[in-house]
Amino acid sequence: MSEWFAKSAAQAALTDVPEGRRWVLRGGDAALAAAGAAFGASLPAQAGGVARVAGTPRAALWLGPDEIWLGTSMDDGAALEAALQTGLAAHAHSLVDISHRNVALELSGTHAAWLLNSLCPLELTLEAFPVDTVTRTLFSKAEIVLWRTGEHSFQIVLGRSFRGYVSGLLAEVSRELAAA
Amino acid sequence: MSQNTCRTAAGGRIDRSRLVNFTFDGKAFTGHVGDTLASALLANGVHLVGRSFKYHRPRGLLAAGVEEPNALVAVVRDTARRTPNLRATQVELYEGLVAESQNRWPSLQFDVGAVNDLLSPLFPAGFYYKTFMWPRKAWHQVFEPVVREAAGLGKPPTEPDPDTYAQRFAHCDVLVVGAGPAGIAAALAASAKGASVLLCDEQPEFGGSLLDEPNAQVNDHPAAEWLKASLATLRGRANVTLLSRTTCFGYFAHNMLSLNERLTEHQATPMTGVPRERLWQVRAKEVVLATGAIERPLVFPGNDRPGVMLASAARTFLNRYGVKVGSRVVLVAGCDAAYLAAFELRAAGVKIERIADIRPAPGEAVHAAALSAGIAVSTGVTVLGTFGWLRVTGITLAHLADDGSVQDRETLDCDAVLMSGGYTPTVHLFSQSRGKLRFDEAQQVFVPGNSVERERSAGACCGTDGLRATLEEGSQAGTSAAEAAGKAGSAEGYHVQLLEGSMVGTPGVLPQPGNIPPSKAFVDFQNDVTSKDLALAMREGFESVEHIKRYTTNGMATDQGKTSNMNSLGFVSAEKGVALPKAGLTTFRMPYTPITFGIFAGYDRGDLFDPVRPTPTHAWAVANGAVFEDVGLWKRSRYFPRAGENMHAAVDRECLAVRNSVGLFDASTLGKIEVVGPDAATFLNRLYVNNFNTLAEGKCRYGILTREDGFVYDDGVIARLAEDRFHVTTTTGGAPRVLHMMEDYLQTEWPDLQVWLTSTTEQWSVIAVQGPKAREVIAPLVNGLDVSNAALPHMSMVRGMLGDIPMLLMRVSFTGELGYEINVPAGHGQRAWEMVWAAGLAYGMTPYGTETMHVLRAEKGYVIVGQETDGTVTPDDAGLGWAVAKSKPDFVGKRSLARPALVAKGRKQLVGLLTAEPKTVLEEGAQIAAVPEQPVPMKLIGHVTSSYHSAVLGRSIALALVADGRALMGQTVYIPMPGGAIAAQVVAPVFYDTEGAKLHV
Amino acid sequence: MQKFSAWSLLKEAFGGQQGWQPQWRRAAPKAEYDAIIVGGGGHGLGAAYYLAAEHGLTNIAVVEKGWIGGGNTGRNTTIIRSNYLFNESAQLYDHSVKLWETLSQVLNYNVMFSPRGVMMLAHTVHDVQVFKRHIHANRANGVDNEWLTPEEAKAFCPPLNIGDDIRYPVMGAALQRRGGTARHDAVAWGYARAADALGVDIIENCEVTGIRRDANGAVEGIETTRGAIRTRKVGVSAAGHSSVVLGMAGVKLPLESFPLQALVSEPVKPAFPCVVMSNSIHAYISQSDKGELVIGASSDSYNSYTQRGSLHINAHTLAAICELFPAFRRMRMLRNWGGIVDVTPDRSPIIAKTPVKGLYVNCGWGTGGFKATPGSAHVFAHTIAHDEPHAINAPFTIERFRDGLLIDEAAAAAVAH
Amino acid sequence: MLVIHCPYCGPRPELEFRHCGQAHIARPLDPSAQTADEWGEYLYLRENPKGMHAERWRHMHGCGRFFNALRDTTTDFFVTTYKCGEPRPAVSGTAPAGGQR
């Protein structure tokens, strides 16, 4: 895909994020607290918050007041799933595997936010959208989950059937970079 | 090649070292880099640039900017890149530019349409409402085509536009609109302490009116130097974005403003890959409007001849482009500011024949300056008319006595008449923001009153006169905007040296002898509206300014009344004898200037117009020759034709394969929702018409969802994965709305329920294996899982492995045959499909698409929501009454099902139809009557919802909704068609395997 | 009434246009009228005209809070058609089309009814099914509507892109040849002039502030910004403000008001010969006599009385226009405006008596009221005059919502499975 | 495009939201006990005020939550937004210029 981003990878590059495991956890506060214990870090409680478990590929993303996405690597998947099931056994909750529902793209480079703002209506300055902020939003007509992983890098998580649409639009917009 | 005969020897902001070749109406000219088409034509002595809309009068440039009403041209890059109706004053000159005049035939110099000018008494305002009515059809057939051919301005493009257009969202603390002195001062002040500032201006060069002020000193430096330094400061600030060639054209709710940036239009060869234009949608915390003011023409007979123009235009052409608009000039002044045009032109060597001031007492400073420069000044004059046809050659001035009689009539020869009626603040954006305008009595103009949005105006757009006041007001506005946005600003004081004149004049029409509105005294130049037309409209009872505008079309041309609205108001208020603000004010509408459609469409074109959602097996389907169908955003395989097959042949073959052996179908697009929690069954029980308490783990049930109105909304199979976990499927198109509806009830009506929803539509790829051989195909693939009828009966499910892929195996059928739906994680979808495909080859397995799926289910009488139902159909209407758990005290829609009309006799019910002639396939949507050959309007009793040729039955079948249809079994009904009525027998809506035996093998 | 004709134009050309008379009087409110219409749009003025012309009620008034024709009458895209699915709708709209065909002559005012043909595009298999259902139903109802292949559609409308290079290629079209457009302002002014000539008082700048009721609850007058007026019959034709006016009599109707936008391009020479509608991708376009492309957009999603819509709604429509007519991508938007449309739950109007005696309502036209102007006005006048609905508007009651007798054209075009 | 203050996520662009009609209409606890008129009103009758309107929105493409808002339909400015289940705030008059802060 990077050939579309012709001018310079420093400006922008779009790559696939390696497959991992991902669950949607929904439930009450007690369930979320129990899940945090199993997960290895308190789950984010603030809108847009991200919690990571240091030294692991685990990350928890706040998508709603009762909706947390839990993600990890393929290798760690079974272990995390088992821990969650054990930890959550006593609490009403919903844990649903969505590892295959979405795919993730990594958009990086100095113009990453610029590219996104072609069709994403959010303010993406570092001040308004700091590193490790995540939210569901829109990119043109596709719903995406946007996670700022660095000053100049974003993970875009989207329904797998929308991948061609979103990457096609980003490629179209990136032509402006190449010509600029 | 003609010469730039009207160019000054030096000065202006053009690059005199670089020549630019261009053509106008096929004639070659040269200009310079930095010219507009207008300035370059004037430099070549060309004043005649267009013909008016209605009377085809020769027209020249009135203005030098955005307000120009006359000089509309088409710019043609190639056959596909034709842009009509561009203002020559806004077309930047580039090498090879090709421009054409409009609305004339055969040529601009000789236009036969000008006969309308002579016949103008026949075409008063609104004449078309009064004639062309007889005979009745003549309007549409005869007159209207003539009117239409005469109307319109330029010729539209006729080929697909090959250019691209971009879009962008942006946020800033302070948006400053207009980079004249007020806007630049505002941007400097607002950005000094870190607030993010976006400054835009429609012109290629920042500076606004400063570019026309060669003699001003700002803070002891020439204005040009101050401008240069200020822009360098702004460019050096990382928190500032500067956008030139960018028009802010719309002000929407909650401080969202829309900008149009033009990226390549000025380039001789547009850069490859660069969009032609861009739409910016800017959300600003605070806004500073510094949009300036537009000079008003004076309204007098013959004020439209080529060579009659605004004084400000003459200044712009001189100071910015080094062009003298005439050699012998008369200035008709209605305000002091106009005098500067005379002074500067005189300094450039132009003879000023007269300053004719319509006021009895001009401002002392400019008057004295004129006299000391040796320019003759007449005061208190009016203009009786002008001479010339393709160019003005003279002007008649006079004084009017109190009784309206003419005194001191004199005619001056000249080749240009400059006029100024004072300036109108550009309040368009303020007005769009819904701020209320306030009439300033002293200045006789509307200025911004109270703000509604978070904005403030600065400079000439709020009636501020004078450069120093403008700069300081801009600086204050920038500071206050930054502070309101939560940042700090830095207001500055300025000092200025400049001879200035006030911009205050009086809107309206110059008095004429006998106080009779003159003809050919134009108020709206482009739409050819004269003061006489306005008077006529008022005579005919159109009093509101909105009525007058619509009846005369004043202010409705492509300039949207920028030069005409205030004069029209002045005239109307004078005629009615009321104060100007009492006459009312027409609404300022988006956009400020005409904006290319392309930027609104942006990237939404071709395959990117809407998302194209492929299923996990899309690549396989493409490779195997599928024909696709759009279902919502999805691409679904419709059928898989083999060589030489049409759709019917392919569908017949696919159907028989399923009935006789086995077929393979991608059902991945079905919506899927995982409903989890202790109250999951309770929740579904409240929503769906069915009973889910009684659904055992590992079992499936066909569910029907109605809305509160009782009409069928969605359906699908629901599997109970565990005590507290359901796998709910929905229709393909219904997935998002069903999830939304579920969340609505859960969050707002039943927040006490412990149940949560997760969309899993895209988690699962669904492979439907259908047909008598289905079990034989999958059995070897499932690692010994018992898939026998006993272990996995119809409507049950089990977890297992398909090879190495985890699966959810559901024994369900939408075909009436033995069937399985294999759900596998979508990433494995294509591999799982290929695994099943390979296993099925031995059984002649056939891939099939939606069309075959439709036929197969219709043979069984299974409904499709959206085809058998249409939002007015109850479960019972659709023959699904059996699914409704009548014992439940409540479910969504239950109460409505008891409404009178929903239980009345005569409701349309689902039935089958068999045509008397088995080969006849009814048309879907065809209507049904009880009696054949009726006169129109016929009494109809229903319509055909689905109709196909059934290969397995060897005849046609149809499903239909027929009034009281279930009482008509065995009877004949008629389907009236253009060729005569088709007879059909009403039958039960199940045509194949009526006992359902094949489902349970 | 001064007769309008080519002869009158010629005469006035020589008379310096001095002989033209006001097209309607500037009436002041009288103390009492036999009936008052609230709302000086096409529907209200038309109802007044038909009350006077056909029912002999000439002591009547139209009260308008602003200037006549200034609401949705002057803000719509002037599309006229009658190819609706259900009998009830088809009869109402076709009644209207028949009146449009002679309206200029009846009113002696050229309303420029132009039967240019209204073509509705099908983009999906489901669209095709729905349109064919309409066509068959219309034929049986005597309403013209015919199916066109994509090639026939392009022949009828040459700028149309029928290639498969667009996201939703054109799969065919339903064409109603008798459909078309008319000049919106002329409809209001023409009815006003003709009604005025029959004695109807047209009272502008007169906002209704209250509805007076007697001890039995029946209407006995209205209060306005120009004073109280007695009457026993009030017909409300107030479009987006219907809820506000009816609320003054304590009547609540299932109505919600939304912003609806339209826009025009700069005028160009004839480029578009008909009306094209694409419901599935939201594009409505024709070309006016003045040469402007007239384009209708969707409504915003939230209730509002601001007469202003959002940019993204326009953008969505223009994207569709540019796909269907790719040469128009270079055309330019000249003017954009918003109206307030009052929408019922089934998207069909209410033309009916209300629970309050003497109070009648004609509302709920949503996005499609202009086309119905003469027909709706005609049957509304009948309803007011006889205190009983005309057979054509009898189904368009308020009670249909309670009883479930909806006339749901939108639902009947249900989205694909 | 409005700016809407989601009670969970803060100010966000309207594109992320879906308008869901009038607020504070509770589904009757026992629909079968409703008269035809009562049920008809529940189904269809909605306030359509010219002025302050209590309405529902859902942060559809955000946190997914339904919530309520008070908005002035004559200006489109919001006064406040609040979570489902909370009572309608007592607000009189019109929305302030510039909208909710």
Chemist: What part of C/Phe131 gets closer than 4.5 Å to chain B, counting heavy atoms only: side chain, backbone, both or neither?
Modeler: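 It is neither, since no heavy atom gets under 4.5 Å.
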Chemist: Please determine, among B/Thr558, B/Ile599, B/Ile595, B/Thr587, the option with the most heavy-atom pairs under 4.5 Å with chain C.
Modeler: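 With the most close heavy-atom pairs to chain C, the winner is B/Ile595.
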Chemist: Say you draw a straight line from CG of C/Asn336 to CD of B/Gln432; how long is it, rounded to the nearest 0.5 Å?
Modeler: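 It comes to 8.5 Å.
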Chemist: Is it true that B/Arg550 and C/Asp185 have a side-chain N and a carboxylate O under 4.0 angstrom from each other?
Modeler: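 Judged by the 4.0 Å cut-off on N to carboxylate O distance, B/Arg550 and C/Asp185 do form a salt bridge.
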Chemist: By a 4.5 Å heavy-atom criterion (distance strictly below it), what part of C/Gln91 contacts chain B: side chain, backbone, both, or neither?
Modeler: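 C/Gln91 has no heavy atom closer than 4.5 Å to chain B.
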Chemist: Decide side chain to side chain contact (heavy atoms under 4.5 Å, CB included) for C/Gln105 and B/Trp134; before the verdict, give the C-alpha distance in whole Å, the side-chain angles of both, and the deciding distance to 0.1 Å.
Modeler: CA-CA 8 Å; C/Gln105 291 72 35; B/Trp134 300 271; 4.2 Å; yes
Chemist: Give the member of C/Gln18, C/Gln2, C/Arg400 that has the highest number of heavy-atom pairs under 4.5 Å with chain B.
Modeler: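 Ranked by heavy-atom pairs under 4.5 Å with chain B, first place is C/Gln18.
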Chemist: I'd like to know which of C/Ala140, C/Ala13, C/Gly142 tops the heavy-atom pair count under 4.5 Å against chain B.
Modeler: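 Winner by heavy-atom pair count: C/Ala140.
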Chemist: Can you name the nearest heavy-atom pair linking C/Met331 to B/Pro156, along with the distance?
Modeler: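 So the minimum-distance heavy-atom pair works out to SD-CB, 4.2 Å.
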Chemist: For B/Tyr128, is the NZ or CZ atom of C/Arg183 found under 6.0 angstrom from the centre of its six-membered ring and inside 45 degrees of the ring axis?
Modeler: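 Yes, C/Arg183 sits over the ring of B/Tyr128.
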Chemist: Among the options C/Ser265, C/Gly190, C/Gly74, pick out the one with the most heavy-atom pairs lying under 4.5 Å from chain B.
Modeler: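 Looking at each option in turn, the highest pair count goes to C/Gly74.
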Chemist: So, for B/Ala151 and C/Lys269, which heavy atoms are closest and what is the spacing to 0.1 Å?
Modeler: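 Closest heavy-atom pair between B/Ala151 and C/Lys269: O-NZ, 3.0 Å.
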Chemist: Do you know which of B/Arg82, B/Arg605, B/Glu277, B/Glu159 has the most heavy-atom pairs with chain C at a distance under 4.5 angstrom?
Modeler: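 Answer, by heavy-atom pair count under 4.5 Å with chain C: B/Arg605.
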Chemist: Between C/Pro115 and chain B, with a heavy-atom cut-off of 4.5 Å, which part of the residue counts as in contact: side chain, backbone, both or neither?
Modeler: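 Its backbone and side chain both get close to chain B.
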Chemist: Where does C/Ala320 contact chain B at under 4.5 Å (heavy atoms): side chain, backbone, both or neither?
Modeler: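 Both parts, heavy atoms under 4.5 Å.
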Chemist: Looking at C/Ile166, C/Leu311, C/Asn141, which makes the most heavy-atom pairs under 4.5 Å with chain B?
Modeler: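 The option with the most such pairs is C/Leu311.
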Chemist: Can you see whether C/Gln23 engages B/Tyr551 through a side-chain donor-acceptor pair at a distance of less than 3.5 angstrom?
Modeler: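 Distance-only check passes for C/Gln23 and B/Tyr551.
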Chemist: Counting only heavy atoms not in B/Asp607 (residues, nucleotides, ligands), do more than 12 fall under 6.0 Å from its CG?
Modeler: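 Counting neighbours around CG of B/Asp607, 12 or fewer heavy atoms of other residues, nucleotides or ligands fall under 6.0 Å, so no.
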Chemist: At a heavy-atom distance under 4.5 Å, which candidate from B/Gln281, B/Met256, B/Glu543, B/Lys155 has the highest pair count against chain C?
Modeler: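 That would be B/Glu543.
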Chemist: Looking only at heavy atoms, which two atoms of C/Asp289 and B/Glu144 are closest? And how far apart?
Modeler: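 Looking at all heavy atoms of both residues, the shortest contact is OD1-OE2, 2.8 Å.
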Chemist: What part of C/Thr102 is in contact with chain B, defined as an atom under 4.5 angstrom from a non-hydrogen atom: side chain, backbone, both or neither?
Modeler: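 It is both, since atoms from each part get that close.
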Chemist: Is B/Glu923 paired with C/Lys132 through a side-chain N to carboxylate O contact shorter than 4.0 Å?
Modeler: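 Looking at B/Glu923 together with C/Lys132, the answer is yes, because their closest N to O distance falls below 4.0 Å.
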Chemist: If you count heavy-atom pairs within less than 4.5 Å of chain B, which of C/Gly291, C/Gly16, C/Pro22, C/Ser5 leads?
Modeler: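 So the answer, after comparing C/Gly291, C/Gly16, C/Pro22, C/Ser5, is C/Pro22.
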Chemist: Given a strict heavy-atom distance threshold of 4.5 Å, which part of B/Val612 is in contact with chain C: side chain, backbone, both, or neither?
Modeler: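 Contact with chain C involves both backbone and side-chain atoms of B/Val612.
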Chemist: Test salt bridge (charged side-chain N to carboxylate O under 4.0 Å, His left out) on C/Arg167 and B/Asp610 and set out the steps.
Modeler: CA-CA 7 Å; C/Arg167 178 70 180 82; B/Asp610 248 0; 5.5 Å; no
Chemist: Once rounded to the nearest 0.5 Å, what's the spacing between atom CZ of C/Phe272 and atom CZ of B/Arg148?
Modeler: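 The CZ atom of B/Arg148 is 11.0 Å from CZ of C/Phe272, to the nearest 0.5 Å.
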Chemist: Measure B/Thr593 against the heavy atoms of chain C and call it side chain, backbone, both or neither at under 4.5 Å.
Modeler: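 Backbone only.
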Chemist: Hey, which of B/Pro976, B/Pro84, B/Gly250, B/Ala253 has the most heavy atom pairs under 4.5 Å with chain C?
Modeler: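 Highest number of heavy-atom pairs under 4.5 Å: B/Ala253.
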Chemist: Does any heavy atom of chain C fall under 4.5 Å from the side chain of B/Leu122, the backbone, both, or neither of them?
Modeler: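 Contact with chain C: backbone and side chain both.
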Chemist: With a 4.5 angstrom heavy-atom cut-off, is it the side chain or the backbone of B/Leu257 that approaches chain C, or both, or neither?
Modeler: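 Neither the backbone nor the side chain of B/Leu257 comes within 4.5 Å of chain C.
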Chemist: Measure B/Tyr603 against the heavy atoms of chain C and call it side chain, backbone, both or neither at under 4.5 Å.
Modeler: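 Neither; nothing under 4.5 Å.
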Chemist: Less than 4.5 Å to any heavy atom of chain B: does that hold for the side chain of C/Arg335, its backbone, both, or neither?
Modeler: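 Both the backbone and the side chain of C/Arg335 come within 4.5 Å of chain B.
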Chemist: Are B/Phe597 and C/Phe328, when compared by the centres of their aromatic rings, separated by less than 6.0 Å?
Modeler: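 Ring-ring flag for B/Phe597/C/Phe328: false, centres at least 6.0 Å apart.
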Chemist: Does any heavy atom of chain C fall under 4.5 Å from the side chain of B/Ala557, the backbone, both, or neither of them?
Modeler: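 B/Ala557 touches chain C through backbone heavy atoms alone.
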Chemist: Under 3.5 Å, is there a donor-acceptor pair linking the side chains of B/Lys130 and C/Asn108?
Modeler: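 Absent: no donor and acceptor within the cut-off.
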Chemist: With respect to chain C, which residue among B/Val147, B/Leu536, B/Thr872 yields the maximal number of heavy-atom pairs within a distance under 4.5 Å?
Modeler: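 Looking at each of B/Val147, B/Leu536, B/Thr872 in turn, B/Leu536 comes out on top.
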Chemist: Which answer fits C/Ile135, side chain, backbone, both or neither, if we ask what part of it has an atom under 4.5 Å from a heavy atom of chain B?
Modeler: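 Neither; nothing under 4.5 Å.
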Chemist: Under 4.5 Å from any heavy atom of chain C, what part of B/Ala80 do you find: side chain, backbone, both or neither?
Modeler: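 B/Ala80 touches chain C through backbone heavy atoms alone.
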Chemist: Identify which part of B/Ala150 has an atom lying under 4.5 Å from any heavy atom of chain C, answering side chain, backbone, both or neither.
Modeler: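 The answer is the backbone of B/Ala150.
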Chemist: By a 4.5 Å heavy-atom criterion (distance strictly below it), what part of C/Ser288 contacts chain B: side chain, backbone, both, or neither?
Modeler: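 The backbone, not the side chain.
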Chemist: Given the rule in the side-chain hydrogen bond (donor to acceptor under 3.5 Å, both in side chains) test, do C/Arg332 and B/Thr596 qualify, once you have shown the distances and angles that lead to the verdict?
Modeler: CA-CA 4 Å; C/Arg332 302 198 295 173; B/Thr596 308; 5.3 Å; no
Chemist: Compare every heavy atom of B/Asp604 with every heavy atom of C/Ala319, then report the nearest pair and how far apart it is.
Modeler: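 C/Ala319 and B/Asp604 have their closest heavy atoms at CB-CB, 3.9 Å.
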Chemist: Which atoms of B/Pro935 are under 4.5 Å from chain C, going by heavy atoms: the side chain, the backbone, both sets, or neither?
Modeler: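 Contact with chain C: none, neither part.
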Chemist: C/Gln287 versus chain B, heavy atoms under 4.5 Å apart: side chain, backbone, both or neither?
Modeler: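 Both the backbone and the side chain of C/Gln287 come within 4.5 Å of chain B.
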Chemist: Side chain, backbone, both or neither: which part of B/Gln560 has an atom under 4.5 Å from a heavy atom of chain C?
Modeler: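 Only the side chain of B/Gln560 comes within 4.5 Å of chain C.
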Chemist: Measure from the side-chain N and O atoms of C/Arg25 to the backbone N and O of B/Gly541, and report whether any donor-acceptor pair falls under 3.5 Å.
Modeler: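 Side chain of C/Arg25 to backbone of B/Gly541: no pair is present.
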Chemist: Relative to chain B, which of C/Pro169, C/Ala137, C/Ala186 shows the most heavy atom pairs under 4.5 Å?
Modeler: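 That would be C/Ala137.
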Chemist: Measuring heavy-atom distances to chain C, does B/Leu86 have an atom under 4.5 Å in its side chain, in its backbone, in both, or in neither?
Modeler: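 It is both, since atoms from each part get that close.
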Chemist: To the closest 0.5 Å, what do you measure between CG (B/Leu153) and CD (C/Glu266)?
Modeler: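 Here the rounded value is 8.0 Å.
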Chemist: Given heavy-atom pairs under 4.5 angstrom as the criterion, report whether the side chain, backbone, both or neither of B/Leu119 touches chain C.
Modeler: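 For B/Leu119, there is no contact with chain C at all, as no heavy atom is under 4.5 Å.
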Chemist: Could you check whether B/Tyr129 and C/Trp189 have their ring centres less than 6.0 Å apart?
Modeler: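 Ring centroids of C/Trp189 and B/Tyr129 are less than 6.0 Å from each other.
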Chemist: Select, from B/Leu608, B/Thr83, B/Val944, B/Val873, the one with the greatest count of heavy-atom pairs under 4.5 Å involving chain C.
Modeler: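 Maximum pair count with chain C is reached by B/Thr83.
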Chemist: Donor-acceptor check, side chain of C/Glu323 to backbone of B/Gly606, threshold 3.5 angstrom: yes or no?
Modeler: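 It does hold such a pair.
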Chemist: Using heavy-atom distances under 4.5 Å, tell me whether B/Ser544 contacts chain C through its side chain, its backbone, both, or neither.
Modeler: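 The side chain, not the backbone.
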Chemist: So, C/His136 side chain and B/Glu924 main chain: donor-acceptor pair closer than 3.5 Å or not?
Modeler: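 Not a single qualifying donor-acceptor pair exists.
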Chemist: Is it true that C/Arg329 and B/Asp163 make a salt bridge, defined as a side-chain N closer than 4.0 Å to a carboxylate O?
Modeler: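 Result for this pair is no, no salt bridge flagged.
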Chemist: Centroid-to-centroid, C/Trp24 to B/His547, below 6.0 Å?
Modeler: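 For C/Trp24 and B/His547, the ring centres are under 6.0 Å apart.
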